[in-house]
Structure formats: structure tokens, C-alpha cells
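Below is one structure, written out as C-alpha cells; the observations come after it.
Both counts, for ligands and for their atoms, begin at 1 and track the order of listing.
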Amino acid sequence: MKAHDGMYIDGTWRPAAGTGVIEVVNPADEEVIATVPAGTVEDVDAAVRAARAALPAWAATPPAERAARLTALRDVLLARQDEIARTVTAELGSPLKLSQAVHAGVPVAVAGSYAELAAGYAFEERVGNSTVLHEPVGVVGAITPWNYPLHQIVAKTAPALAAGCTLVVKPAEDTPLVARLFADAVHEAGIPAGVFNLVTGLGPVAGQALAEHPDVDLVSFTGSTAVGRRIGAIATGMVKRVALELGGKSANVILPSADLARAVNVGVANVMSNSGQTCSAWTRMLVHRDRYDEAVELAAAAADKYGDRIGPVVNARQRDRVRGYIEKGTAEGARIVAGGPDAPREKGYWVSPTVFADVTPEMTIAQEEIFGPVLSVLRYDDEDDALRIANGTVYGLAGAVWAGDEAEAVAFARRMDTGQVDINGGRFNPLAPFGGYKQSGVGRELGAHGLAEYLQTKSFQF
Ligand code: NAP
Ligand code: MG
């Protein structure tokens with residue numbers, strides 16, 4: 001057990017204002033592995049003041065120099081990949097292989113992508129008789145969740161730094177350790193004091209203080225729709241810019257001409273990865289009625305193979321929520337064909353990989369985000385029916401379409417109300433804009449679209 005102290009403010013670890021602490025628990029065995037200080041309004045205020053003071057110089061730093069600092073940050077993240085992966089496994093519970101490939105690997109790619117974008121971006125353009133400047137928005141308050149704990153910090157920090165903004169990050173209470181590692185990486189990369197600041201703490205205290213701080217110009221939030229709605233209301237009331245990355249209930253649409261076994265196997269792997277704690281997971285599998293029974297059998301077999309190898313979910317509350325949804329699925333008439341409410345291990349926050357058949361579109365498990373290893377398989381009659389089901393939730397974050405022919409899949413994907421669609425198993429692209437239609441959010445992250453979120457325009461007329 002390691003008792004960490006201090007907040008990373010103005011380029012150094014300085015003592016927290018209060019005495020409260022947060023216990024960090026390993027979800028695989030419920031051991032307390034560390035404590036971190038619980039930030040207060042005073043800590044947030046000190047961090048925002050440091051970010052404000054550092055803003056003019058960082059905003060005026062030539063983009064090529066900001067790019068050089070981001071390249072250095074990428075290199076430190078790369079050099080520390082093992083430590084990052086082990087830390088995420090300890091506090092989130094994800095299997096080490098996933099931590100290495102995704103939790104430690106993706107942030108290196110994203111930091112690298114913003115080093116390149118900062119160097120090449122047109123921060124000035126000519127429009128008729130005007131010159132338009134793309135200037136940094138100012139001080140950013142970033143509030144992040146625990147499910148991809150480093151990625152979500154880097155997906156906000158890297159574009160903010162590329163744009164010339166300074167920021168204060170409040171990471172999730174469940175995963176503060178990798179956030180602390182990241183602050184060390186920022187320091188090692190030579191990013192000037194005050195440009196990046198970290199305050200660990202509880203959402204309703206430190207998170208809220210950050211969103212409400214009058215000297216924060218933009219609030220960027222990733223997490224639940226319930227909290228996102230509150231943050232959006234606060235930001236709008238104070239006339240601040242706001243970006244919200246919220247929940248999802250994405251559809252995996254398997255058209256009749258698709259390679260069924262491949263579509264089902266990749267679909268199950270997508271949902272079970274990270275124990276189902278992925279906002280863009282394809283948690284609804286849509287299959288034509290003629291191939292439905294075959295698909296259900298394949299999905300059940302695929303899920304059974306995982307057992308406890310997917311890792312636990314993040315905490316006891318999340319485990320209880322997920323189990324509650326599994327029980328609700330049965331109560332509303334869906335049929336469990338793999339897994340179920342019983343945990344595969346006694347100690348730790350484990351949930352069995354679960355597949356439901358005979359799910360209808362209006363059932364709770366087909367409408368609400370479960371955030372656990374639970375897949376619903378739904379039946380459709382024809383393409384219009386599939387489209388109605390796919391678009392029939394309040395969310396619109398991601399999705400997938402499978403067909404024998406790419407053009408057929410694309411034609412269907414064009415009609416989906418969602419921010420990202422993987423065509424026949426297309427790969428993750430760290431430059432593609434990521435973000436939601438409908439209640440999945442406001443704004444986009446990653447790539448040039450993600451950078452634009454941190455810029456505001458000024459025009460000179462000649
Ligand atoms: P959450 O409560 O929305 O947490 C996200 C972040 O917001 C955390 O840093 C949290 O701090 C903070 N927060 C909480 N209440 C706040 C407030 N009143 N003001 C300011 N900040 C606040 O999400 P969660 O509890 O971690 O997970 C619950 C559900 O959110 C999941 O089941 C899932 O549906 C959804 N979720 C979505 C995503 C996504 O990527 N779209 C990611 C994670 C979760 P604390 O950590 O201290 O609570
Ligand atoms: Mg929470």
C-alpha cells in the first residue's frame with residue numbers, strides 16, 4: 001500500500017489543501033493498493049490559477065515548439081509503457097495484455113498524432129479580404145472517467161496543448177494512479193510549469209469546482225450522461241465552451257449477406273473487451289430472422305470461451321449495477337444463453353460474460369447503457385426494420401455494419417444516426433473524429449476535428 005501525497009500544480013507536486021484521501025482498490029481482489037489526496041475547492045482554485053498564469057506564454061509558443069514538447073511526451077509515454085500497463089491493471093483490473101496493447105499503447109499513438117498535427121496545422125487562413133486566426137480557447141477543465149483512464153486524459157490533454165491551451169485535469173476517483181504517472185511524464189517531457197495541472201478528487205467536490213470555476217474557459221467531460229447533463233447546464237449557464245463524451249448503446253448490424261461467424265465473433269470480442277466497459281461497445285447485435293438461431297449459438301459459444309479472462313469490472317457499485325441489468329433482462333422476458341448473474345469468482349468485482357437472446361428493442365437491456373460484459377442479440381425482419389432498431393435509442397456514439405459487399409454495408413451505415421461506424425470490422429483510427437450523435441454527446445475528440453474543439457477564431461479584415 002502506497003500513500004501518495006500532493007497535487008501536480010504549477011510544475012511541482014505540492015501538498016493538498018485538505019486532509020481527505022481516496023483509497024484505490026484493485027478490483028480483481030478488493031485489496032487497497034494506494035491512497036491519493038482528495039482535492040478540494042482550494043486545490044482546484046490553485047490549479048486553475050497556475051493554468052491561467054501559464055496561458056499567455058504557452059499560447060504564444062510557436063506551434064513547432066509545442067509540437068516538440070508533444071513529441072517528447074509521446075517518447076516518455078512509450079518509454080514508460082510497462083509501468084503504465086501494470087498501473088492500469090492494478091487499479092482498473094484489465095488483463096495485462098489489454099493494458100499493454102490498448103491502455104498503454106493508444107495514448108502513445110494519440111500523443112504522437114497531436115505532435116504531427118501541431119506542427120502542420122493551419123493556425124491562420126485567408127478568407128476573401130480577411131485573415132482568420134485560430135487561437136487557443138484558454139484554460140481547459142478536463143474531467144475524465146476510469147474506463148480508458150490514460151487514453152481519456154491524453155485525448156483531451158494532447159489537443160489542448162497542441163492548440164496552445166493550458167489545463168487542469170480531474171481524473172476518476174477509481175483510477176488516479178495512472179493519472180499521477182501521466183503528470184510525471186508531462187514533467188519529464190519538459191512541458192512548462194502551469195501548462196498541465198492535476199487535481200485528484202471526488203466528482204461532486206473537485207469535479208464540480210472545476211466545472212464551476214469562473215476562470216475555466218472550456219469544460220471537456222467524458223463520463224455518464226447524467227453527470228454530463230449537469231456539466232452542460234453549468235457551462236451553458238456561465239457561457240463557457242463545453243465538450244461532452246457520454247454513453248452509448250451501439251448496434252452491430254449483421255446484414256444477410258455477411259460472413260456470419262466472423263461478424264458474430266468479432267462482435268462478441270468487441271463487447272467483452274475491457275469487461276464491457278467501453279462507451280462505444282456494440283452491445284446490441286442485430287441479426288436477420290433467417291440466421292438468428294445460428295447467430296445466437298455462435299455468440300453463446302464465443303462468450304463461454306472467455307470465462308474470467310476478461311477481468312473484473314471496476315468497482316462493487318458497477319458490479320451490482322451490471323448484475324441488476326442481467327436480472328432485469330430475465331424479468332422482462334429475454335433468455336440467457338451464456339453467463340448470467342452469478343460471478344465466476346468470489347473475491348473481486350467479477351461478472352460472467354453474458355449473452356441474451358430473444359431481446360426486443362423496447363426492453364431495458366436494449367435501451368440503457370449497461371457498461372458490463374453483456375450482449376443482447378435482437379432479431380430483424382428486413383433492412384428497414386434493422387435501421388429502425390439500430391437508430392431506436394437516445395444514443396448515437398458508434399456501431400458496426402457487416403455485409404458480403406462493402407458498398408452494401410456503406411449504404412446502410414449512411415442511414416445510421418451515429419458518430420462512427422466500422423465497416424466489415426474496420427480498424428480503430430486514432431485520427432478519425434470520435435463523438436456522439438443525439439444524447440451521446442457534444443463535440444468530437446481525436447485528429448484534426450479534436451484539435452478544432454480547443455480553438456476559437458478571430459478575423460482581421462483588410
Ligand atoms: P461519472 O460519474 O459520469 O464520472 C465521470 C467523471 O465525472 C469522473 O471523474 C467523476 O468523478 C466525475 N464526476 C462525477 N460527478 C460529478 C459532478 N457532479 N461534477 C463534476 N464531475 C463529476 O461516471 P462513472 O460513475 O465513472 O460511471 C457511471 C456510468 O458512466 C457508466 O456506467 C457508464 O454508463 C458511463 N460512462 C461512460 C463513459 C464514456 O466514455 N462515455 C466512460 C465512463 C463511464 P468520480 O470518479 O469521483 O465519480
Ligand atoms: Mg462516479
Side-chain angles (χ1 to χ4, degrees), residues 20-25 27 36-41 44 91-92 106 141-153 155-156 168-179 198-213 216 219-235 242-250 274-281 283 313-325 349 351 365 367-374 393-398 419-420 434-436 438-446:
V21 296
I22 294 173
E23 288 190 338
V24 186
V25 175
V36 298
T40 59
V41 176
V44 169
E91 64 185 349
L92 178 65
V106 173
I143 301 172
T144 57
W146 42 263
N147 58 328
Y148 290 89
L150 182 58
H151 168 64
Q152 283 143 337
I153 290 172
K156 298 186 191 309
V168 177
V169 172
K170 201 301 279 181
E173 63 185 277
D174 292 298
T175 53
L177 300 181
V178 75
L198 178 79
V199 175
T200 52
L202 300 178
V205 182
Q208 181 136 342
L210 185 57
E212 284 176 344
H213 200 293
V216 166
V219 186
S220 180
F221 170 83
T222 300
S224 62
T225 299
V227 176
R229 199 173 278 128
R230 294 184 52 169
I231 304 253
I234 292 169
V242 65
L244 306 171
E245 293 289 342
L246 309 177
K249 192 70 192 175
S250 297
N274 213 38
S275 302
Q277 302 167 123
T278 306
C279 45
S280 55
T283 49
V313 296
V314 70
N315 57 34
R317 192 171 49 105
Q318 197 66 17
R319 176 199 56 200
D320 296 345
R321 269 192 72 194
V322 176
R323 279 200 199 149
Y325 275 115
Y349 312 126
V351 179
I365 56 168
Q367 288 294 324
E368 294 184 13
E369 185 174 50
I370 297 174
F371 236 60
V374 182
T393 75
V394 297
Y395 295 115
L397 190 54
Q420 277 210 349
F434 179 86
K438 302 194 281 186
Q439 288 183 33
S440 286
V442 176
R444 294 291 179 270
E445 292 196 314
L446 304 180

Exercise for review: Taking only heavy atoms of Ile143 into account, list the atoms of ligand 1 that are under 4.0 Å away from them.
Suggested key: 6 (C), 7 (O), 9 (O), 12 (C), 21 (N)
Practice item. Would you indicate which of Ala38, Gly247, Gly203 comes nearest to atom 17 (C) of ligand 1 when only heavy atoms are counted? Key: Gly203
Point to revise | Numbered atoms of ligand 1 (with element) below 4.0 Å of Ala172, judged on heavy atoms | key: 9 (O), 46 (O)
Point to revise | Gln277 and its side chain to side chain contact (heavy atoms under 4.5 Å, CB included) partner, picked from Val313, Ile370, Val322 | key: Val313
**Study point:** Gap separating the CZ atom of Arg230 from the CD atom of Glu212, nearest 0.5 angstrom
**Key:** 8.5 Å
**Study point:** Spacing of Leu202 atom CG and Thr40 atom OG1 [to the nearest 0.5 Å]
**Key:** 11.0 Å
Review point. Are the side chain of Arg444 and the backbone of Gly419 linked by a donor-acceptor contact shorter than 3.5 Å?
Key: no
**Study point:** Mode of Thr222 contact toward ligand 1 - side chain, backbone, both, neither (heavy atoms, under 4.0 Å)
**Key:** both
Exercise for review: Check whether the side chains of Gln152 and Asn147 place a donor and an acceptor atom closer than 3.5 Å, and report yes or no.
Suggested key: yes
Check your understanding: Where on Thr225 is there a heavy atom closer than 4.0 Å to ligand 1, on the side chain, on the backbone, on both, or on neither?
Key -> neither
**Study point:** Donor-acceptor pair between Tyr148 and Thr278 side chains, under 3.5 angstrom
**Key:** yes
Review point. Quick one: does Asp174 get a heavy atom under 4.0 Å from ligand 1?
Key: no
**Study point:** Under 4.0 Å to a heavy atom of Thr144 - the qualifying atoms of ligand 1, by number
**Key:** 6 (C), 8 (C), 9 (O)
Practice item. Can you measure from CD1 (Ile143) to CD1 (Ile153) and round to the nearest 0.5 angstrom? Key: 12.0 Å
Check your understanding: Numbering the atoms of ligand 1 from 1, which are under 4.0 Å from a heavy atom of Asn147?
Key -> 40 (O), 42 (C), 43 (C)
Study note, to complete from the structure: Under 4.0 Å from one or more heavy atoms of Gln152, ligand 1 contributes atoms 40 (O)
Check your understanding: Looking only at N/O atoms, are Leu202 and ligand 1 under 3.5 Å apart anywhere?
Key -> no
Point to revise | Location of contacts on Tyr148 toward ligand 1, heavy atoms closer than 4.0 Å | key: neither
Practice item. Return yes or no for this condition: an N or O of Ser224 is under 3.5 Å from an N or O of ligand 1. Key: yes
**Study point:** Short N-O contact, Lys249 and Glu368, less than 4.0 angstrom
**Key:** no
Point to revise | ligand 1 contact on Glu245 by region, counting heavy-atom pairs under 4.0 Å | key: backbone
Point to revise | Side chain Glu445, main chain Phe434, donor-acceptor under 3.5 Å | key: no
Check your understanding: If you measure every N/O of Leu246 against every N/O of ligand 1, is any gap under 3.5 Å?
Key -> yes
**Study point:** Subset of ligand 1 atoms that lie under 4.0 Å from at least one heavy atom of Pro145
**Key:** 42 (C), 43 (C)
Practice item. Could you grab the distance from atom CG of Leu92 to atom CG of Leu150, nearest 0.5 Å is fine? Key: 11.5 Å
Check your understanding: Can you tell me if Thr200 and Lys170 form a side-chain donor-acceptor pair at under 3.5 Å?
Key -> no
Revision key, fill the gap. dist Thr222:OG1 -> Lys156:NZ (nearest 0.5 Å) comes out at 3.0 Å
Study note, to complete from the structure: ligand 1 atoms nearer than 4.0 angstrom to some heavy atom of Arg317 are 25 (O)
**Study point:** Arg229 and ligand 1 - part of the residue with a heavy-atom distance under 4.0 Å
**Key:** neither
Exercise for review: Examine the proximity of ligand 1 to Gln208 and report which part, side chain or backbone, both or neither, has a heavy atom under 4.0 Å away.
Suggested key: both
Exercise for review: Please could you name the atoms of ligand 1 that Cys279 approaches to less than 4.0 Å, counting only its heavy atoms?
Suggested key: 39 (C), 40 (O), 41 (N)
